[in-house]
Structure formats: C-alpha cells, structure tokens
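Here the structure is a predicted model, which means the values were calculated and not measured.
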Amino acid sequence: MVEDPDELHSRLMTALLTQMDSSRGIEEVFNNTQNAVVTASQGQQTPVVSSTLTESVDLWAERSGVPVFSAGSAVSGRSE
C-alpha cells in the first residue's frame, strides 16, 4: 500500500514531486522516485517503473540551455 496516513500525500506522490523539481530527465525522475519510496518505506514498498520511451525527455530543458520543443515543433523539427 502506498498511502501514508501521517502525510499530506502518499510516499509515492511526495517522492515524485520532489524528484520532478530536482531531476532533469523523466527516466531519472522515475528511477529516483522508486529509490526514494523504497527508502522511505524501509523496503516495504517498491513502485514498478516501466517505460517505452525511445528518446530522452528533459523536464527542465530551459535550465540547461537546451532548446524547448513543443509537440508541433517536434513534428516539424523546428524549435520555438
């Protein structure tokens, strides 16, 4: 069970929100979230991470100076 009755959010959601703010790539976020939940639950909870991504997804591209692409520009190949 992922719920934590003593907290506002579940362990999973708390870890996910923390990792989204501190990690750049989505796979890094998922892996770090999994590790944080395992640690917080002392090994009693292990979220499953499954991905079919074929490319890296950078959540905070503007932080690293990488051009940000929208869905439309990804199709056309142009940055906005």
Side-chain angles (χ1 to χ4, degrees):
M1 173 170 238
V2 177
E3 298 300 320
D4 187 351
D6 298 327
E7 298 295 327
L8 177 62
H9 299 292
S10 68
R11 289 181 179 130
L12 177 64
M13 185 55 64
T14 299
L16 181 61
L17 292 171
T18 300
Q19 292 304 319
M20 285 181 70
D21 192 43
S22 64
S23 304
R24 284 200 335 218
I26 192 69
E27 288 187 337
E28 179 183 358
V29 167
F30 291 153
N31 291 333
N32 289 346
T33 297
Q34 180 186 44
N35 293 336
V37 171
V38 170
T39 299
S41 69
Q42 298 176 342
Q44 294 181 11
Q45 298 173 16
T46 304
V48 174
V49 175
S50 177
S51 173
T52 58
L53 292 174
T54 58
E55 297 180 22
S56 295
V57 176
D58 191 345
L59 296 177
W60 305 109
E62 67 277 3
R63 290 183 186 173
S64 62
V66 175
V68 178
F69 291 90
S70 67
S73 67
V75 171
S76 69
R78 295 186 311 239
S79 65
E80 295 185 345

For residues 35-42, dump all side-chain donor-acceptor pairs below 3.5 Å to protein atoms at least two apart in sequence or in another chain.
from: N35; atom 1: ND2; to: N31; atom 2: O; distance (Å): 3.3
from: T39; atom 1: OG1; to: N35; atom 2: O; distance (Å): 3.0
from: S41; atom 1: OG; to: V37; atom 2: O; distance (Å): 2.9
from: S41; atom 1: OG; to: V38; atom 2: O; distance (Å): 3.4
from: S41; atom 1: OG; to: Q44; atom 2: N; distance (Å): 3.4
from: S41; atom 1: OG; to: Q45; atom 2: N; distance (Å): 2.9
from: S41; atom 1: OG; to: Q45; atom 2: O; distance (Å): 3.3

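M13 CE to T33 OG1: the interatomic distance, rounded to the nearest 0.5 Å, is 9.5 Å.
Under the side-chain hydrogen bond (donor to acceptor under 3.5 Å, both in side chains) criterion, S51 pairs with E27, not counting sequence neighbours.
Contact between V29 and Q19 at its shortest, heavy atoms only, is CG2-O, 3.7 Å.
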